[in-house]
Amino acid sequence: MDYNFLDIEKKWQAYWAEHHTFEVKTDPSKPKYYVLDMFPYPSGAGLHVGHPLGYIASDIYSRYKRLKGFNVLHPMGYDAFGLPAEQYAIQTGQHPAITTRDNIARYRQQMDRIGFSYDWSREVRTCSPEYYKWTQWAFIQMFNHWYNPETNKAEPIDTLVARFKAEGRWDSLSEKQQSDLLMNYRIAYQGETAVNWCPQLGTVLANDEVKEGLSIRGGFPVEQKKMKQWQLRVSAYSERLLADLDGLDWTESLKEMQRNWIGKSQGAEIVFKVSNGSEEYDMTIFTTRADTIFGVTFMVLAPESEWVDKLTTAEQKAAVEEYLLQAKKKTERERIAETRKCTGVFSGSYAVNPLTGDKVPVWISEYVLSGYGTGAIMAVPAHDSRDYAFARTFNLPIIPLIEGCDVSQESFDAKEGIMCNSGFLTGMSVKEAIPAAIDYVESKGIGKRKVNYRLRDAIFSRQRYWGEPFPIYYKNGIPTPMPLDALPLELPQVDKFLPTESGEPPLARAKNWTYEGWPVETSTMPGFAGSSAYYLRYMDPHNNEGLVGREADNYWRNVDLYIGGTEHATGHLIYARFWNKFLYDIGYVCEQEPFRKLINQGMIQGRSNFVYRVKNTNKFVSYALKDQYDTTEIHVDVNIVSNDRLDTEAFRKWRPDYADAEFILEDGEYVCGYAVEKMSKSMFNVVNPDLVCEKYGADTLRMYEMFLGPLEQSKPWDTKGIDGVHRFLRKLWRLYTDSENKFCISEEKASPAELKVLHRLIGKAQSDIENFSFNTTVSAAMIAVNELSELKCCKREILEPLIIVLSPYVPHIAEEIWQQMGHGESISFASFPEYVEAYTAEDSVTYPVQFNGKMRFTLDVAKTADRTEVEAAVRANPATEKYLQGAAIRKVIVVPGKIINIVY
RNA sequence: GCCCAGGUGGUGGAAUAGGUAGACACGCGGGACUUAAAAUCCCGUGGCCAGCAAUGGCCGUACGGGUUCGAUUCCCGUCCCGGGCACCA
C-alpha cells in the first residue's frame, strides 16, 4: 500500500498527545481566537458520522487560525447531566455517574480518532463537583441579586433592602415576610407557577422539552400543574437580550427566532370599569390596537385570571364553575388538539367602555392566556380573528371600524385603512389612530403606553436525581443559601433514583440531606444550568478561586466562533446570553455577549436502504421488479449495501429469519430502494465514523464531510461518494513520493505555471475559509493537485506551501509530509502562505464575444487596454465582419475582464 | 395562520455588485494496463434534433410574467419542500 493512512494517523495522534501540541496558555503577545463547539451530551449510542460535522469545521478553522498566528483556544467537554443516564439508572440500578463516565470514554476515543486539535487539558464535565461548584455559585449570586429597572442591571439585594428600610416597609415585617417580599425581586427566586408536569418522568419539563403535549424524552403525556418552583428572572433581561442581538454575527434567521421568542410588542394598558352588579372595580387590559376601542363588544378573561372570582355573578356561578372544571381537566395535548374550537362562558358581569360609555359583557375563555399581558382583553371581533370566531360562536355583535372592510365572513386584521365609527378617530389612518388613541387615554388618566414581552422566566427546578443540587437549605422554612465555602454541595448517594412514595424528588431519599440540621432543597437544576457558562470555565478550568480568573477572562473575553445545531436557538442560546449578562452586571466578566459569531451546522441525515419482501414468503424482489408483486418495504442495514446493491450473502447472515431468503434479481443483482431519513438505529442507516476511519482514514473522513456540501445545510450521508476524496489524498501523497513510495522532493525553482496553480489555491482557500465555504476549497484543492500532477511538479517551493494550506483539512498526512520534508516541528507551528503573484501574469485577457447575447468567438486583448481600446479591437476584428453579415452595429457592450456583447 | 430559509443533470453540489450554467466529485458507459481481480490511468456523460465525422442548431436553473443587449442571479405573482412559532390581544 502506498498511502498508509492507518499508520500515519496513529503516529501523529500519539505525537500530538505526547507533545501537548494543542495546549494553550494566555499569551498577551499574541492575538487570541476562541473557537467553541457546543459540547455534546454523551449518549450511550456513541457518535455517528453526523455528529462530528461541526467539530470538523471548527477544527479546520482553529488550525487555520493557528497558522495565521492566533493563540487559539479550542476546548471540548461534556454536557453530562441529563435524563437518559437517569432513566437508565432507574431501569438498571446502575449509577448515572458510571454510565456517564463510560459514555464519555467512548466519545473521547471516537473523537481522538478523527484527529481534533482540542486542548484536552481544559476539558470540563458539567457533572463533576469541581465544575458544578460554579453553577451553584452562580445560582447563589442570582439569589442575592435583584434587577433594578432604573439602572437596568442586576444589583445586590441589600440595595433593595435599604430602600425598603428607607420607605419604612421593612422593620415591621417578620423574617418570613421579609423573605417572601424579596422573593418577588431576586433574579433566582422561588414562585408558584403553572408547569409542564410529566407524571411518568416524575419531573417538570421546560417548554422546549415538550412537543405536542408529550415529553421529547420518552414521549410521555405532560400536564399543567401549579407548583412552587425555582425560577430565573430571565424576563427582566428581555429588552437587553433583544437589543444586543443587533451586534451579533449570527444568521438572520436565528436572530429572528430569538426576536420572536422574546416577542416584544408595543401597545397600551387601558382601564375598564367592571361591575358584578354589587361591586365596581378598575380592570386593566393590554392591547396593541388602542385604535379599535370603539369596536369593543365584549371582554374576555383567562380562566386562571384573578378577576374570574370577583366578576362571576350568583346566577352564572354554576355555569362558570362547570367551565373552569372542564378547562382544568384538559391536558395540554387536548387543548392543542382543540385549537380554534371556541369555548367560553359568560361571567354575568359587565364592563364599561371608557370612551363610548357602552356596557359590554365580560366572558371567560381559554383563548385568553393568563401569563401574558394582564390575563384580560378587550375584544374587537371586527379586527381580530380570535375575537371574531368567539363572537360568531356566541352571537356577539361585530362593529366594523375601517372604511370599506367586509367582516361578514372574516375579521379584518390588517393594520391599514381609514377609521370609521370611531368618534374622534374617524377619518384617520390606522397608523395615525393608534398613537392618537393612546395619547387620548393617557391624557384622561385611564391608560398608558406599555411594552410587553412574551419571554417568560425560566423554570429552574427539576424533580430529578441527576443534576446539580441547589445550595439552599430551609432554616425555619425560609430558603437560605449556603455559605460559599460549603460548595460544592455534592450529589448524595440514594438507594433508588425514583421519587419517594410520598412523591418527593429522589434526593429526599438521601440520608442526612441536611445542612446544620436544617433540611436541604431536594430538587435539582435543569440541563441548561451546566451549559450556561461552560465557555467561561474553559478559559480557566483549574481555578479553585472562581469560575474564571480576571486575567484569563480579560484575555479570552468571549467566544469568537461558536458552532452548533439550530435546535438550541431558543433554549441554551437565550439562557447562556442571560447568564453571561448577569455575570457582566455583577462585574464578573468583561463582555456583555458570550458568542460573537455563530454558525449552525446542518444535520447529516441518513440514507436508508430498503428491500422488498413478497408478502407471506421469504422472497425478496429487486427494486425495478417490485411493482409486479405484492410486497412489503423493509429497512435493510446500509452496511451490507454498496451503491444500492445488496450483498445477498451478508443479508442471509444479517438475521436468522433471512437465512434462507431467496432473491428475484435484475441483471444478476439485487437493487435496493432508498430514502433520506433521520440517522437512527431503527432505520439501520447509522454510519459509524470509526469504521470510516478504519477503511479510509480520518483525513478522508474530515475532507469528505466538508465536501458533502455547505456547512449550514442539511444533507444526506452517502458513503459511496467518499472514494473521490480518498483518491485525491492518494494523488496528493504521490506528488511527494516516487513509484517506490520513497519520499522525493526537488529543490529546483518553480516555473510560472506551477506558481500560478499554487497561488490560485492559496487565494481561494483563504477567501473560502473566511466565508466558511469549506466544500469549495476541497474542489479547488482537487483541481490544484490534478494540475500539479500533470505538470509532474515535485518542487519544494510549491509543495511546501501546498501542504500547509491543506493541513487544517488533512492534518495527519500533512504532518507526515512535513516531517519527511525535514521539519522538526509540527506543521501546526508553520504559517499560512502568503499569496504572492510571483508568476509572470499573462499580458492579455481572453474575452468571449457575443452577438445579440449569443457567444460566437473569443478574442485576446491586451490586459492594459481600456474599454474603448477593447471596443476598437473587436470592431477591427475580421470575425466581427463575418458574423455581422453587413448589419450595422447599434451598440458594443464591454464588461472589463468579463465579456464583449455586440448588439446589431 | 404567521415568520425564516430554499427549489440547478441520474446523485451531492459549483457559479449570484447580472456576463460562456452544470466547476469538483459520485454514479453510469467505453477504453488502456493485467492470466484475472484490485488499484491506477484515459475518453464520454443536461435534454432534443441534424451529420460518417469534425461540428452545428434548438430547449434548458420549480412555474407564469416583467426589467435588460444579456437573468440561475433583480422585481411581481403562483406552486412545492424544509425549519421555527403557534390562540401572545
Side-chain angles (χ1 to χ4, degrees), chain A residues 1-2 207-208 251-261 263-265 267 285-290 292 300 302 335-336 338-342 365-369 371-380 383-387 389-390 413 452-456 566-567 569-570 600 602-603 607 643-644 674 676 704 707-710 712-728 730-731 734 773 775-783 786 789 846-858 890-904:
Chain A
M1 178 174 273
D2 41 6
N207 282 328
D208 51 294
T251 59
E252 209 38 53
S253 71
L254 200 95
K255 287 200 224 178
E256 199 58 28
M257 250 189 250
Q258 290 217 340
R259 284 188 196 113
N260 292 340
W261 191 258
K264 181 178 186 172
S265 64
I285 58 91
F286 174 74
T287 180
T288 54
R289 291 295 301 273
T292 60
V300 190
R335 279 207 191 186
I336 285 161
E338 288 172 21
T339 294
R340 308 212 180 267
K341 245 193 212 173
C342 275
S365 173
E366 282 183 314
Y367 87 86
V368 174
L369 305 175
Y372 183 78
T374 62
I377 63 154
M378 64 178 212
V380 185
H383 302 290
D384 183 287
S385 50
R386 295 154 301 178
D387 298 345
F390 194 82
D413 291 17
N452 257 328
Y453 300 91
R454 288 167 63 178
L455 185 66
R456 309 288 165 84
T566 179
E567 67 272 20
T570 52
N600 293 117
M603 277 228 296
R607 190 178 185 281
N643 196 18
D644 291 337
Y674 77 89
V676 172
Y704 184 56
F707 184 65
L708 232 37
E712 291 95 332
Q713 198 169 299
S714 286
K715 55 235 161 185
W717 176 272
D718 190 352
T719 304
K720 81 181 176 194
I722 204 167
D723 288 320
V725 170
H726 191 61
R727 240 168 251 157
F728 160 77
R730 281 212 295 260
K731 211 177 264 184
R734 265 182 283 134
S773 174
N775 54 327
T776 47
T777 304
V778 178
S779 298
M782 287 176 177
I783 294 169
N786 273 336
S789 75
T846 304
Y847 279 93
V849 181
Q850 299 179 345
F851 284 76
N852 283 352
K854 283 207 196 321
M855 177 31 204
R856 292 301 180 192
F857 61 92
T858 59
R890 282 204 294 145
K891 200 160 40 159
V892 177
I893 294 145
V894 176
V895 182
K898 292 216 165 151
I899 205 154
I900 302 167
N901 190 12
I902 295 169
V903 186
Y904 61 94

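None of the values given here were measured: they were computed from a predicted structure. Throughout, protein chains are lettered first and strands after them, A, B, ... in sequence-line order, and every chain is numbered starting at 1.
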Report, one pair per line, the protein and nucleotides 6-12 of chain B atoms (nitrogen or oxygen only) whose separation is under 3.5 Å.
{"from": "G12(B)", "atom 1": "O2'", "to": "L708(A)", "atom 2": "O", "distance (Å)": "2.6"}

Anything under 3.5 Å between a protein N or O and an N or O of nucleotides 56-60 of chain B, put it in a table, one pair a line.
{"from": "G57(B)", "atom 1": "OP1", "to": "R856(A)", "atom 2": "NH1", "distance (Å)": "3.4"}

Output one line per pair: protein atom, nucleotide atom from nucleotides 67-70 of chain B, and distance, for all N/O pairs under 3.5 Å.
{"from": "C69(B)", "atom 1": "O2", "to": "N901(A)", "atom 2": "ND2", "distance (Å)": "2.1"}

Any N/O pairs under 3.5 Å between the protein and nucleotides 38-41 of chain B? List them or say none.
{"from": "A39(B)", "atom 1": "O3'", "to": "R730(A)", "atom 2": "NH2", "distance (Å)": "2.9"}
{"from": "U40(B)", "atom 1": "OP1", "to": "R730(A)", "atom 2": "NH2", "distance (Å)": "2.2"}

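For the pair T251(A) and C4(B), the criterion of a side-chain N or O lying under 4.0 Å from OP1 or OP2 is not met. Side-chain N/O atoms of N775(A) include one lying less than 4.0 angstrom from OP1 or OP2 on A14(B). In this model, the phosphate group of A89(B) is not approached by any side-chain N or O of Y367(A) to a distance below 4.0 Å at OP1 or OP2.
Contact annotation for V778(A): no contact, since no heavy-atom pair falls under 4.0 Å across all strands. Within 4.0 Å of T858(A), counting heavy atoms only, lies no atom of the nucleic acid at all. Note on N786(A): only backbone sugar-phosphate atoms sit closer than 4.0 angstrom, heavy atoms only; bases stay farther off.
Nucleotides G47(B) and G9(B) place their C1' atoms 9 Å apart, quoted to the nearest Å. Of the C1' atoms belonging to A23(B) and C76(B), the separation is 32 Å, rounded to the nearest Å. Distance noted for atom P between G7(B) and G82(B): 15 Å (whole Å). Between U55(B) and C69(B), the two C1' atoms lie 28 Å apart (nearest whole Å). To the nearest whole angstrom, the two C1' atoms, one in C58(B) and one in A5(B), are 36 Å apart. With both ends at atom C1', the span from A25(B) to G77(B) equals 38 Å, rounded to whole Å. Comparing C81(B) with G30(B), their P atoms sit 39 Å apart, to the nearest whole Å. Distance check on atom C1': U72(B) versus G18(B) gives 10 Å, rounded to whole Å.
Atom NZ of K720(A) is surrounded by more than 12 heavy atoms from other residues, nucleotides or ligands within 6.0 Å.
Atom-to-atom distance recorded for E712(A):CD and S714(A):OG is 10.5 Å, nearest 0.5 angstrom. To the nearest 0.5 Å, atom CD1 of residue I377(A) and atom CG of residue D384(A) are 6.5 Å apart. The CG atom of N901(A) sits 11.5 Å away from atom CE of M855(A), with the distance rounded to the nearest 0.5 Å. Atoms OG1 and CE, from T566(A) and M257(A) in turn, are 3.5 Å apart once rounded to the nearest 0.5 Å. The structure places OG1 of T570(A) at 9.0 Å from CG of L254(A), a figure rounded to the nearest 0.5 Å. Between I902(A) atom CD1 and I893(A) atom CD1 the span is 10.0 Å, to the nearest 0.5 Å.
Using bins of under 30°, 30° to 60° and over 60° for the plane-to-plane angle, the ring pair F851(A)/F857(A) lands in the tilted bin.
For I783(A), the side chain to side chain contact (heavy atoms under 4.5 Å, CB included) partners two or more places apart in sequence, or in a different chain, are E787(A). Take Y674(A) and apply the ring-ring contact (aromatic ring centres under 6.0 Å, His included) test, not counting sequence neighbours, and it matches no residue. In this view, M782(A) and F707(A), V725(A), F728(A), V778(A) satisfy the side chain to side chain contact (heavy atoms under 4.5 Å, CB included) rule, not counting sequence neighbours. Qualifying side chain to side chain contact (heavy atoms under 4.5 Å, CB included) partners for E256(A), counting only residues two or more places apart in sequence or in other chains: E252(A), R259(A), N260(A). Residues forming a salt bridge (Lys or Arg N to Asp or Glu O under 4.0 Å) with R607(A) (at least two apart in sequence, or on another chain): D644(A), D718(A). In this view, N452(A) and S265(A), F286(A), Y372(A), K450(A) satisfy the side chain to side chain contact (heavy atoms under 4.5 Å, CB included) rule, not counting sequence neighbours. A search for salt bridge (Lys or Arg N to Asp or Glu O under 4.0 Å) contacts involving K731(A) returns nothing, not counting sequence neighbours.
Going from atom CG of N452(A) over to atom P of A89(B) covers 8 Å, rounded to whole Å. One can place CE of M782(A) at 11 Å from P of C24(B), the figure rounded to the nearest angstrom. Atom-to-atom, CE of M257(A) to C1' of C3(B) comes out at 10 Å; the value is rounded to the nearest Å. Nucleotide C85(B) holds its P atom 18 Å from the OH atom of Y372(A), rounded to whole Å. The interatomic distance linking R456(A) (CZ) with C85(B) (P) rounds to 14 Å, in whole Å. We find that CD1 of I900(A) is positioned 12 Å from C1' of G19(B), with the value rounded to whole Å.
Looking only at side-chain heavy atoms (C-beta outward), R890(A) and V903(A) come within less than 4.5 Å of each other. Two residues are said to be in side-chain contact when any heavy atoms from C-beta on lie closer than 4.5 Å; S779(A) and T777(A) fail this criterion. For the pair T292(A) and M378(A), the minimum side-chain heavy-atom distance is below 4.5 Å.
Closest-nucleotide positions on RNA chain B for V368(A) and N260(A) were compared, and the one nearer the 5' end corresponds to N260(A). In terms of position along RNA chain B, the nucleotide closest to S714(A) lies nearer the 5' end than the nucleotide closest to the other residue of the pair D723(A) and S714(A).
Base pairing in RNA chain B gives the following stems of 3 or more Watson-Crick or G-U pairs, range against range and under 3.5 Å: B:1-4 with B:82-85, B:10-12 with B:24-26, B:27-32 with B:40-45, B:46-50 with B:55-59, B:62-66 with B:74-78.
Residue I377(A) places its side chain closer to A89(B) than to any other of C4(B), A89(B), G19(B). Comparing C4(B), A89(B), U20(B) by their nearest atom to the side chain of S253(A) picks out C4(B). Distance from the side chain of S265(A) is smallest to A89(B) among A89(B), G19(B), A14(B).
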